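The structure displayed is predicted, hence computed values, not measured ones. Residue numbers run from 1 in the order of the sequence given.
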Amino acid sequence: AILNYLFATMGVSYPMYMAATAVGVAPLAILYAYIGSLAEDLAGAFNGGGSSTQTLILFIFFVISTILLVLVLGWIGKREIKKALAALDALEAEEGDPRMAEQRLYSISEGEEMV
């Protein structure tokens with residue numbers, strides 16, 4: 001919900017917002033639908049329908065995949081934040097005024113050419 005307000009204040013057009021939302025939501029929707037289709041098998045494995053070895057393998061898989069997902073997403077986020085801060089620092093050094101650098105960075109992210 002907060003992102004919706006931010007996008008509105010940043011001037012993101014409605015068609016671009018809808019397209020990005022569709023592209024961003026589709027992979028997770030497909031993944032959740034697939035996992036839901038496997039729910040019966042997983043429930044059977046955890047409720048005694050499967051062997052204890054199968055249950056242990058599934059548990060280990062879910063724990064490891066969750067840890068890896070958190071680590072990879074954290075690393076990607078940290079890298080992107082460092083890039084954005086480096087770009088802002090470079091613009092501040094060029095402009096000498098932090099407010100002008102932020103305005104220029106915003107205009108660059110909107111697709112305007114650098115002058």
Side-chain angles (χ1 to χ4, degrees):
I2 293 174
L3 284 178
N4 295 335
Y5 292 114
L6 289 175
F7 292 145
T9 60
M10 294 173 63
V12 175
S13 68
Y14 187 72
M16 178 61 76
Y17 170 76
M18 290 303 293
T21 300
V23 169
V25 170
L28 281 178
I30 293 168
L31 177 66
Y32 290 150
Y34 178 69
I35 289 173
S37 71
L38 298 176
E40 186 177 351
D41 295 336
L42 292 175
F46 284 113
N47 290 331
S51 67
S52 61
T53 305
Q54 182 183 13
T55 304
L56 181 64
I57 290 171
L58 283 173
F59 179 74
I60 291 171
F61 170 76
F62 286 131
V63 169
I64 290 174
S65 61
T66 301
I67 291 170
L68 287 176
L69 184 65
V70 167
L71 291 175
V72 168
L73 290 178
W75 177 76
I76 290 171
K78 188 175 181 180
R79 183 185 66 188
E80 293 301 317
I81 289 172
K82 282 184 180 181
K83 278 190 213 176
L85 289 175
L88 184 60
D89 287 342
L91 287 174
E92 284 178 1
E94 259 182 45
E95 298 289 334
D97 182 8
R99 287 173 288 154
M100 292 298 293
E102 287 175 12
Q103 184 179 12
R104 189 166 173 202
L105 185 63
Y106 176 73
S107 65
I108 291 170
S109 69
E110 288 293 311
E112 298 176 12
E113 292 183 22
M114 291 181 65
V115 181

Residues which pass side chain to side chain contact (heavy atoms under 4.5 Å, CB included) with Ser13, listed by chain and number, not counting sequence neighbours
Pro15, Met16
Which ILVMFWY residues are connected to Ile81, directly or by a chain of links, through side-chain heavy atoms under 4.5 Å apart?
Leu85
Distance (rounded to the nearest 0.5 Å) between Leu73 CG and Leu68 CG:
10.5 Å
Are Val12 and Met18 in one and the same hydrophobic cluster, where Ile, Leu, Val, Met, Phe, Trp and Tyr link if side-chain heavy atoms are under 4.5 Å apart?
yes
Please list, one pair per line, the donor and acceptor atoms closer than 3.5 Å that link side chains of residues 58-66 to other protein atoms, with sequence neighbours excluded.
| unit_1 | atom_1 | unit_2 | atom_2 | d |
| --- | --- | --- | --- | --- |
| Ser65 | OG | Phe61 | O | 2.9 |
| Ser65 | OG | Phe62 | O | 3.1 |
| Thr66 | OG1 | Phe62 | O | 2.7 |

